[in-house]
Number of protein chains: 2
Amino acid sequence: MPLKPSNSIPDIVIGRLPLYLRALTHLRQEGRDVTSSHELGEKLGISSAQIRKDLSHFGGFGKQGTGYQIDFLIDRLRKVMQVNQEWRVAVVGAGHLGSAISRYRGFRDRGFRIAWVFDADPAKIGTKIDDFIVQDVANMQDIIRSNKVQIAMIAVPAEQAQQVANLLVEAGVRAILNYAPININVPPHVMVQYIDPVVHLQHMTYYLLSDE
Amino acid sequence: MPLKPSNSIPDIVIGRLPLYLRALTHLRQEGRDVTSSHELGEKLGISSAQIRKDLSHFGGFGKQGTGYQIDFLIDRLRKVMQVNQEWRVAVVGAGHLGSAISRYRGFRDRGFRIAWVFDADPAKIGTKIDDFIVQDVANMQDIIRSNKVQIAMIAVPAEQAQQVANLLVEAGVRAILNYAPININVPPHVMVQYIDPVVHLQHMTYYLLSDE
DNA sequence: TCCCGATTGTGACTTTTTCCACTATTCTAC
DNA sequence: GTAGAATAGTGGAAAAAGTCACAATCGGGA
């Protein structure tokens, strides 16, 4: 559901880069300076050859015999994924989930800043979530347009997700992270990714032994 | 990170089944009785051949010329994924995210029931989240053991995720959904899946045009 | 200086996944 | 009853993804 076809690097490779970046950041936090494809692979459950091949798409980041300089590799991956800048993100939906997302501190140092939270419920509009004030969804398109917001997260009930997506797309959003458990239709130039815990759970229950 | 190797059906196929089930449920909610691989594929952005082949792993669920009886297919998929029963799930972490998860109504009719919420913070232990009371994580292993809990969600800070996972595994949990943005190590008989919004966002920013 | 162990980057190969296209079947309309 | 349109199921081809294994290179130590 993401992807531009034009580019030569497989999307599945792009999808692993954030995992590499995350693992590298943890290694650095532990004070490490250098790592190897083998070590990284162990941490991630991915073969070392895979990691080397993935990284080689973007140039030779490592040194034979030594491995990868962590700081250097982090820097390069950030640039490749364009998270060496801060993307401002809009959140639609200020319910339990939307609030939790908006309060989450973990976006900031990984390239994203929640900058707006929208809701349609008059009882929620104007209330504060941490720093920001919940905005009326009626003003959403204006705000998105004037701020050139490219990324939004949908945290509304499934019934409203498509409608919200339509508004976002019309206002110029190019990337949507949809927490609502429903597939949404968007034009080809817009990317959508989904977060649905039940999908993961059901995937796992297939393999579980039901002992009841 | 899921998977038993023994089985003959590819894990990637298993991973799509929840998506099929979700789309079928929506179709039924719209009052539809029958659908086709083509329609399903359109909704999901998957080729119709893919869907037919995936489903054919589990038997002939459709009828040539007609398509798939939605109720029947839902029933079969539920059985295949073992979500025709209700799995009781433990949530570890009663912060903003853990609370939002615990309050979410969407698990129930898809095969899962949040049954316990644990936290280590004395200020949170004993407080109510909807119906249930936040339990002391010190009692977690006992509760998991005596109730034979097989599934847990981790919603604690990254630093504590591995430690929590260790406790869960030791107590007999077989499937973990980890919301903490860190890879955790578990024995091979335990499945782990991850939810990290930043991973999805970074995946998408690779393709965005940074106009700043 | 030279050797040895470690590790990358990569071409070739293998495995997995997806797609194609065809047959068989079903339903509807006439 | 028959023709025609629609659609599942499927074997095999094609494409994609992953793995292997080796040459090249690096750093450290004798």
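These numbers come from the heavy atoms of this one structure, side chains and all, not from hydrogens, waters or symmetry mates. Per chain, numbering begins at 1; letters A, B, ... match sequence-line order.
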Restricting to pairs with a member in residues 72-85 of chain B, which pass salt bridge (charged side-chain N to carboxylate O under 4.0 Å, His left out), not counting sequence neighbours?
B:Asp75-B:Lys79
Do A:Arg174's NZ or CZ and the ring of B:Tyr207 fall within the cation-pi criteria of under 6.0 Å and 45°?
no
For A:His26, does the NE2 atom have more than 12 heavy-atom neighbours from other residues, nucleotides or ligands under 6.0 Å away?
yes
Those residues at least two apart in sequence (or on a different chain) that pass side-chain hydrogen bond (donor to acceptor under 3.5 Å, both in side chains) with A:Thr25 are none
Scan residues 112-121 of chain A for pairs that pass side chain to side chain donor-acceptor pair (under 3.5 Å), counting only residues two or more places apart or in two chains.
A:Glu86-A:Arg113
Distance-only side-chain donor-acceptor flag, B:Glu170 / B:Asn166, under 3.5 Å
no
Length of the line joining A:His38:NE2 and C:dT7:C1', which is rounded to integer Å:
11 Å
Below 3.5 Å is the cut-off: list the nitrogen or oxygen pairs between protein and nucleotides 23-30 of chain D, distance only.
unit_1	atom_1	unit_2	atom_2	d
D:dC26	O4'	A:Gln64	O	3.1

Quick one: label A:Ser48 by what it contacts on the DNA or RNA (base, sugar-phosphate, nothing), any heavy atom closer than 4.0 Å.
nothing
Residues from residues 21-34 of chain B sitting under 4.0 Å of DNA chain D, heavy atoms only?
none
Figure out the NE2/C1' separation between B:His57 and C:dT18, and round it to whole Å.
12 Å
Just verifying a value: how many Å separate A:Thr205 OG1 and B:Ile151 CD1, rounded to the nearest 0.5 Å?
6.0 Å
Please state how far atom CG in A:Leu73 lies from atom C1' in C:dT8, giving the value in whole angstrom units.
12 Å
Measuring from A:Ser47:OG to A:Leu40:CG, what's the distance to the nearest 0.5 Å?
11.5 Å
What does the list of N/O pairs under 3.5 Å between the protein and nucleotides 10-17 of chain C look like, with a distance for each?
unit_1	atom_1	unit_2	atom_2	d
C:dG11	O6	A:Lys53	NZ	3.4
C:dA12	N6	A:Lys53	NZ	2.8

To the nearest angstrom, how far is A:Ile14 atom CD1 from D:dA16 atom P?
15 Å
Measure CG/B:Asp54 against P/D:dA8 and give the value in whole Å, please.
13 Å
So, is B:Ser47 close to the C:dT18 phosphate, meaning a side-chain N or O under 4.0 Å from OP1 or OP2?
no
In whole Å, what is the span from the CD1 atom of A:Ile51 to the C1' atom of C:dT7?
13 Å
Side chain to side chain donor-acceptor pair (under 3.5 Å), that's the test. Do A:Asp11 and B:His203 meet it? Break it down for me.
CA-CA 9 Å; A:Asp11 182 65; B:His203 186 161; 2.8 Å; yes
Do B:Asp130 and B:Arg105 meet the salt-bridge criterion of a basic N to acidic O distance under 4.0 Å?
yes
When the distance from CZ of B:Phe58 to P of D:dT10 is rounded to whole Å, what number comes out?
13 Å
Would you mind checking if B:Arg110 and A:Asp196 are paired as a salt bridge, meaning a charged N to carboxylate O distance below 4.0 Å?
yes
OP1, OP2 of D:dG9 versus side-chain N and O of B:Tyr68: anything below 4.0 Å?
yes
